[in-house]
Amino acid sequence: MRSAADARSARAPYAVGSMPDTRTIRPYLESLVAEAARAAVAAGDLPDVAIPGAAIERPKDPANGDFASTLPLRLARAAMRPPVEIAQAIASHVPPDPVIEPPVVAPPGFINFRLSVPFLQQQVEHIISAGDEYANLNLGDGKSAQVEFVSANPTGPLHVGNGRGAAIGDALANVLEAAGYRVEREYYVNDAGTQTDYFAETLYARYQQLFGRDVPIPEDGYPGSYMIELAEEVKGRHGDAYLRPPGDPLPAELSELGINLMVERIRRTLERFGVRYDRWYSEKSLYESGGAYERAMAILREAGMLVERDGALWFASSELGEDKDNVVVRSDGRPTYYASDIAYHWDKFIRRGFNLVIDVWGADHHGHVSRLKTATRAVGADPEALHILLYQLVTLKRGGEVVRLSKRSGEIITLDELIDEVGADAARFFFLLRSPGAQMDFDLDLAVRQSSENPVYYVQYAHARLCSILERAREQGLSPDGGDVGRLVAPHELALVREMMRLVDVIENVATRFEPQHLPHYAQDLATAFHAFNDAFKQQNDPGLKVLTEDEGLSRARLRLVLAARVALARVLGLMGMTAPERM
RNA sequence: GCCCCCGUAGCUCAGAGGACAGAGCAGACGCCUUCUAAGCGUUUGGCCGCAGGUUCGAAUCCUGCCGGGGGCGCCA
């Protein structure tokens, strides 16, 4: 049935059926402006020029409204008219709309929009009804995404730097899920290769030492004391079952057992950190008969990209623009980790068909980025779908001094020790706070300080206070149910609504630019908006001006706002992988 | 030599080609008989490393330099 609604949809698709909401307000305004521009052209108020995207931005200064279009500035040259005139022409063709107040033209050529109070009030209901799914978007459109992160060699415990990768990777996975992707979290277990051999040899040496043999640990081995613990664990469980005559090579099963024990420790650490993987992918499994390694190498061989030189097999990557070729099979016949990675990414893209793959790596691996992208292309995948997110080093500080080694063990500080000392929530927050590309100092003293200096508590405290208001209302027999959001008109109330709406922008930004640092910054802004709202009543020194007032209707309305704020704050805490405490 | 990241307030750092460059902390001054003061308000503080370029418009993009960090293996 063709109707007026269809005619309207041609003008503003988001107006069909219902009002726009927090998620759709931006595209709604875009179409509003674009249509007004076309109307201005039709009316002869503007020269007939191509109308690019309406470019809806958020002004930095709230005095300029909630949204602004810079379209007039962009049209100025083609239209050969001053931007302000263009802005006026377009603004005059924006029809009255319940969602916004009449647009305001500001020099040098902005069209500023302020959301109407009824629209803002309605977002409180929108957020409450969306609940845990508030600010979910459909950017991913059901496409699959894989986030592979940490993937530290299982030859030792996770250290603090791995924690940064864990916080970044997990938050990114959470946000991609919120943005409408089907997300898999994966840990790539390097259970094959040279380092694994050194690890096994060290374990065997430690194991033999427990039986009184005077065996040195290998030169390239792992001197850490955890290797002794691991050997003790093996001895405790299996006695001398892995002992061989002196001088004999170590039993192959010991290597596998040791790796498994180490992976199990890593898994427990990450679980403490709040990270759960969908899959632990074994590097060794790439080399099964007919597996990814054979398949990927066959593709390269058929393409003539494998050449033999100096007894080794090389991937002719220089023909694809790399500065040099790279070895994939050593002269002793063992594949390099580069070969593993080629096979692994063939598996990600071709066999498993992920639409988007994100590898989170420490910055010390950056030299490998270009090579891997080239190889990915060579095995038939789209390198544009591969995003390698590099994060820089973490320096621990205590009292302004750099902390290099653990007091407890005299070794590298582990992620477990960090969690023991500051807790998983604080660690995750601080890891996310800095952009991945920036080297960061992690201040151990600050992270545990329960004061205004510590942003972790600031944000969680806001959530606890929201809960405590709702709890107090419950005690008074007051429920948010039936509250009329139309009663919310005070500046601090509407400012809080505006801040809650911004979560949509944050999720879109993080999901498209892979910049998780926006989450903790936004969390702080939202907490500030709530604290300002909450304390505004105190400032006015009027006992009637509280969330819970003598006016029951107003109290209920404010309780709905509090409920919505709790939803939004819990959501952003959840995206960061943090808990949302109900009291502190 | 080549490659990557960083350089923004005293400190730690945000900043999506747009309006007067922001936050937290530190400094100064205020606010608790009140739903958590782990809070709020006011305020001081800037050659956005330097020099060019692109653009109507640059902290943001490009080029070159300077400074800090990291990488450049038949290790991962």
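Here is the naming used below: chain letters follow the sequence lines, and residue numbers restart at 1 for every chain.
B:rC2 and B:rG46: their C1' atoms are spaced 36 Å apart (whole Å). Of the C1' atoms belonging to B:rA19 and B:rC29, the separation is 31 Å, rounded to the nearest Å. With both ends at atom C1', the span from B:rG39 to B:rG24 equals 15 Å, rounded to whole Å. Comparing B:rA59 with B:rG53, their P atoms sit 15 Å apart, to the nearest whole Å. For B:rG1 and B:rG57, the C1' atoms lie 39 Å apart once the distance is rounded to whole Å. On the C1' atoms, B:rU43 is 40 Å away from B:rC62, given to the nearest whole Å. Atom C1' of B:rU44 sits at a distance of 16 Å from the matching atom of B:rC11, rounded to the whole Å. Look at the C1' atom in both B:rG45 and B:rA28: the space between them is 11 Å, to the nearest Å.
Between A:Leu139 atom CG and B:rA16 atom C1' the separation is 14 Å, expressed in whole Å. As rounded to whole Å, 20 Å separates atom P of B:rA23 from atom CG of A:Asn454. Nucleotide B:rG73 holds its P atom 9 Å from the CG atom of A:Asn326, rounded to whole Å. When the P atom of B:rG24 is taken as reference, atom CG of A:Leu446 falls 14 Å away, rounded to whole Å. A:Asp61 has its CG atom 10 Å from the P atom of B:rA19, to the nearest Å. For the pair A:Tyr337 OH and B:rA76 C1', the interatomic distance rounds to 6 Å; values are reported in whole Å. Rounding to whole angstrom units, CZ of residue A:Arg309 and P of B:rC74 are separated by 11 Å. The interatomic distance linking A:Trp361 (CH2) with B:rA76 (P) rounds to 13 Å, in whole Å.
Comparing atom distances between the A:Thr336 side chain and each of B:rU55, B:rC74, B:rC40 picks out B:rC74 as nearest. Distances were taken from every side-chain heavy atom of A:His518 (C-beta onward) to each of B:rA19, B:rG15, B:rC56; the shortest belongs to B:rG15. When distances run from any side-chain atom of A:Met584 to the nucleotides B:rA38, B:rC56, B:rG70, the shortest one goes to B:rA38. Distance from the side chain of A:Ala106 is smallest for B:rA19 among the nucleotides B:rA19, B:rA14, B:rG69. Among B:rG39, B:rA14, B:rA76, the nucleotide with an atom closest to any side-chain atom of A:Arg465 is B:rG39. Each of B:rG18, B:rA38, B:rC40 was ranked by its minimum atom distance to the side chain of A:Tyr457; first place goes to B:rA38. Closest to the side chain of A:Arg330, from the set B:rC74, B:rC13, B:rG69, is B:rC74. Out of B:rC74, B:rG69, B:rG39, the shortest distance to the side chain of A:Asp535 is found at B:rG39. Candidate nucleotides B:rG70, B:rG39, B:rC13 were compared by shortest atom distance to the side chain of A:His521, and B:rC13 ranks first. The A:Tyr458 side chain lies nearest to B:rG39 when the options are B:rC4, B:rG39, B:rG70.
A distance below 6.0 Å separates the ring centres of A:His368 and A:Tyr338. Proximity of the aromatic rings of A:Tyr287 and A:Tyr293 is defined here by a centroid distance below 6.0 angstrom, and this criterion is met.
A pairwise comparison of heavy atoms in A:Pro59 and A:Gly65 identifies CG-O, 3.6 Å as the closest pair.
Annotation: the span from A:Tyr337 atom OH to A:Gln195 atom CD amounts to 11.5 Å, rounded to 0.5 Å. Rounding to the nearest 0.5 Å gives a distance of 8.0 Å between CG of A:Leu496 and CD of A:Glu499.
Contact annotation for A:Arg74: base contact, defined as any heavy-atom pair under 4.0 Å involving a base atom. Residue contacts for A:Ser370: at a heavy-atom cut-off of 4.0 Å it reaches no nucleic acid atom on any strand shown. Looking at heavy-atom distances under 4.0 Å, A:Ala55 makes no contact with the nucleic acid at all. Within 4.0 Å (heavy atoms only), A:Asp441 reaches sugar-phosphate atoms of the nucleic acid but no base atom. Residue-level contact check: A:Thr194 touches the backbone only, with heavy atoms under 4.0 Å from sugar-phosphate atoms and none from bases. Note on A:Ala76: nothing from the nucleic acid sits closer than 4.0 angstrom, heavy atoms only. Using a 4.0 Å heavy-atom criterion, one finds that A:Arg334 contacts no nucleic acid atom at all. If you check every strand for non-hydrogen atoms under 4.0 Å, A:Ala462 touches nothing. Across all strands, A:Gln517 comes closer than 4.0 Å only to sugar-phosphate atoms, never to a base (heavy-atom distances). Across all strands, A:Asp310 comes closer than 4.0 Å to base atoms (heavy-atom distances). If you check every strand for non-hydrogen atoms under 4.0 Å, A:Asp325 touches nothing.
Note on A:Glu148 versus A:Lys348: salt bridge recorded, some NZ/NE/NH1/NH2 to OD/OE distance being below 4.0 Å. Checked for salt-bridge contact, A:Arg74 and A:Glu57 meet the test: a charged N lies under 4.0 Å from a carboxylate O.
Applying salt bridge (Lys or Arg N to Asp or Glu O under 4.0 Å) to A:Asp66 and the options A:Arg114, A:Arg498, A:Arg502, A:Arg26 leaves one that passes, A:Arg498.
Side chain A:Asn534 to base B:rC35: a donor-acceptor pair is found below 3.5 Å. Residue side chain A:His366 reaches the base of B:rG70 through a donor-acceptor N/O pair under 3.5 Å, judged by distance alone. Between the side chain of A:Asn112 and the base of B:rA19 there is at least one donor-acceptor pair of N/O atoms closer than 3.5 Å.
A donor-acceptor pair shorter than 3.5 Å can be found between the side chains of A:Thr528 and A:Tyr458. Using modelled atom types and a 3.5 Å distance limit, the side chains of A:Glu515 and A:Ser435 yield no donor-acceptor pair. A side-chain donor-acceptor contact under 3.5 Å links A:Tyr281 and A:Asp347.
Both A:Asn509 and A:Ile111 lie near RNA chain B, and the one whose nearest nucleotide falls closer to the 5' end is A:Asn509. Ranked by how close their nearest RNA chain B nucleotide is to the 5' end, A:Lys60 and A:Asn153 are led by A:Lys60.
Counting only Watson-Crick and G-U wobble pairs whose two key distances fall under 3.5 Å, RNA chain B forms stems of three or more stacked pairs at B:1-7 with B:66-72, B:10-13 with B:22-25, B:27-31 with B:39-43, B:49-53 with B:61-65.
A perpendicular orientation is assigned to the rings of A:Phe199 and A:Tyr222, their planes being inclined by more than 60° (bins at 30° and 60°).
Base orientation of B:rC32: syn (glycosidic angle within 90° of 0).
Ring-to-base geometry places A:Phe110 in a stacked arrangement with B:rA19 (centre distance under 5.5 Å, plane angle under 30°).
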